[in-house]
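Ligands are counted one by one from 1 in listed order, and the atoms in each one are counted from 1 as well.
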Amino acid sequence: MPSGKLPPAAGQLQLNFCKTLTCPNFGSMDEQDYLVQRSNPARPTLVCRECGAFPPLLNNQQVHAELIAQRQLHADGLCACTNPACEHLGKPVLTYRHCYHAFGYSGDRQRYRCKGCQSTFVDRWSGINKKSELQQKLLAFLFTGHTVREICRRLSLNPKTFYDHLNQIAARCRQKLAAYDTRFLSDTSTGHLASVHAPLQPNSENGVQWLATGEAHSGYILLQDVNYHSYDHDHLTEHHDPYQDACRFMATTNAGQRSEPTPRPDGLLGRVDAKYREVFSRSNVEDPYTQPLHFIYPNRGTLIRPQYTTYAHYLNLKPFIDHWQHIVVFSPQEPLLRSACLSVFEADIRDKRVSHVYVEQDPYWQPGSEPEKIDIVLLSWWRDRWAFTRSGAGSKAICDHGQNKGREAYWLTHASCDAMKKYQQHFHQQFALLVNEPRRRLRPGGLLPLLDIYRAWHNLCWQDHAHVTPAQRLGLTDRPLTLADLML
Ligand SMILES: [Zn+2]
Ligand SMILES: [Zn+2]
C-alpha cells in the first residue's frame, strides 16, 4: 500500500488540496505542500504545511463515477448521447447540434449519430404523445394529493403501469426543461445561484438528502441530486477510506443511535456558533454522516456518502456556467457545500470569477430589509468573517468567503436562499401523503421521477404571489405553462 501519497487523480480531477481560501496552498496539488501520512489512523492523513488545516480526503475516481451516474440520470430519456464513456453524454441534440449528425429515420422518428462515440439513437420526442390525455389526468391527481393506490384505482392502472407512466412523464419533463435551461444559461453572463439541501422524506429518517441549486432570486431550479441510487451495489463500506475502491457506497450498518436533540440556542449568533461545534464533532467535517446520527437504511438501493454527491453536483454545474463572467453561490452554513463549491471552482475562486456566501436568517427577517447596524464576528477554526444585523424583529447573517470587505450591507440585503428553501418545502407540502406513506419511507426510489416532474412544474407552471413563474421572472417565456402543456 503506498503511503505518503494523495489519492490518485482521475484524469485531470484532483480534489485533495488545502481548502483555506486565505492560505497560499489553497488549490495546490503539489504533495510537497502537505504532510501526508497513513500509518496513524487517529491522525489526519493530510495536513497543510502553511496553515495547518487538515482537509478530509476524497477518492477522485469515485467522485468522477458519481458525476457520470448523476449525468446519466439527468439525461435519461433526453434526445442525447447516453454512452457513459462519451464526452457528449447527456448533451441534448437541441442545444449541442455540433456534437451530432442527423442519421436517417427510424419509422417516422429522426435518428442521430454522436460524433464523439459514433453511437446512434432516435428522437423519441418527435411526433405526438398518444398517451397525453391519460398522463395529464395522472398528473392532475398527483398534484391534488392523491396516493398511488387511489390514482391506480381511478385510472384503472396497475402499480407497474403507473410507474411506467411516471417515468415517461419525468423523461418528457426533462426534455421540456432542457430547452428552457439552455436558454437561461446562454442568455445569462452573470448571476446569483443558491444551493440548499434537505432530507428527501423528512419523517422517514432514511438518510436520503436532496440537494438543489438554482437561480437565487427567481427560484428557477437548474440541478438537483440525491445521495441515493435506486439499485443495489455489491461493495458497501462501513468506514470511508478514500484509498479504497467503491468507498462512496455506505454500508447498512453505518446508522448510529438516536441521540437526544440538543436545545437550539437563542439568537442567530448562538445558532451559527453551535453549528460550527456540531461540524467539529464530525470525524470528517465534510461528511454530515460521520457523527453518530440515527437513520434507517432504505431496504432497496444504496446510500452514497454525501460528499461524493455534493462534489459531483458542482462538477456537473461547472460546464453549464463556464461562459458566465461573474457568479456568486449562496448556501446555508454547511462546510460540505462550501468545500465542494470552493474545490470545484478553485481556479475561478482565485480569479474572483466565482465566490461563495453563507446566508443564515431567522423567520422574522423580512426579505429585502436594509440592515440597521452591522457587527463583524470571526468564528470557528477557519476564522470565518461573519456579518450580523437586525432589522425590526428579524436577524440575518452572511459570511463572504471571498473576504471582500465593504460588501456586507449589500449581501445582507440581497443574498438569499429563501426561494430554494421554499422549493423544497412546497414539495414536502404538495406531496405530503406520497412522501410520508409508511411503505415508502424505506423505498425512496419511487420518488425520483417525481423530483423531475416537480422541477418542471415549479419552473414552468407554478405561479408566485405576483402570478409569475420562475421561468417568466427570467424572461424565458411570457406565460405560465399548464400541466397539459408539459405533456404535449
Ligand atoms: Zn493551507
Ligand atoms: Zn457519444
Study note, to complete from the structure: Heavy-atom nearest pair, Q209 first then N227, reads N-OD1, 2.6 Å

Check your understanding: Does R338 make a cation-pi contact with Y358, if we ask for NZ or CZ under 6.0 Å from the ring centre and within 45° of the axis?
Key ->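 Here R338 fails the 6.0 Å and 45° test against Y358.
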
Review point. Distance under 6.0 Å and angle within 45° of the ring axis: does K19 meet both against F17?
Key: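 Yes, K19 lies over the aromatic ring of F17.
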
Practice item. Quick one: name the protein N/O/S atoms under 2.8 Å from the Zn ion (ligand 2), chain by chain. Key: C81 SG, C86 SG, C114 SG, C117 SG

Practice item. Check whether any side-chain heavy atom of D234 sits under 4.5 Å from a side-chain heavy atom of F249, and report yes or no. Key: no

Exercise for review: Could I get the full list of side chain to side chain contact (heavy atoms under 4.5 Å, CB included) partners for D76, not counting sequence neighbours?
Suggested key: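 Listed in chain order: R174.
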
Review point. Around atom CZ of R300, are there more than 12 heavy atoms of other residues, nucleotides or ligands at under 6.0 Å?
Key: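 Count not over threshold, so no.
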
Review point. Crowded around K131 NZ? As in, over 12 foreign heavy atoms under 6.0 Å?
Key: no

Check your understanding: Which ring pair (Phe, Tyr, Trp, His ring centres under 6.0 Å) pairs, counting each pair once, include a residue from residues 40-98, with sequence neighbours left out?
Key ->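 For residues 40-98: none.
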
Point to revise | Proximal protein heteroatoms (N, O or S) of the Zn ion (ligand 1), under 2.8 Å | key: C18 SG, C23 SG, C48 SG, C51 SG

**Study point:** Test item: side-chain donor near acceptor, H323 and S189, under 3.5 Å
**Key:** no

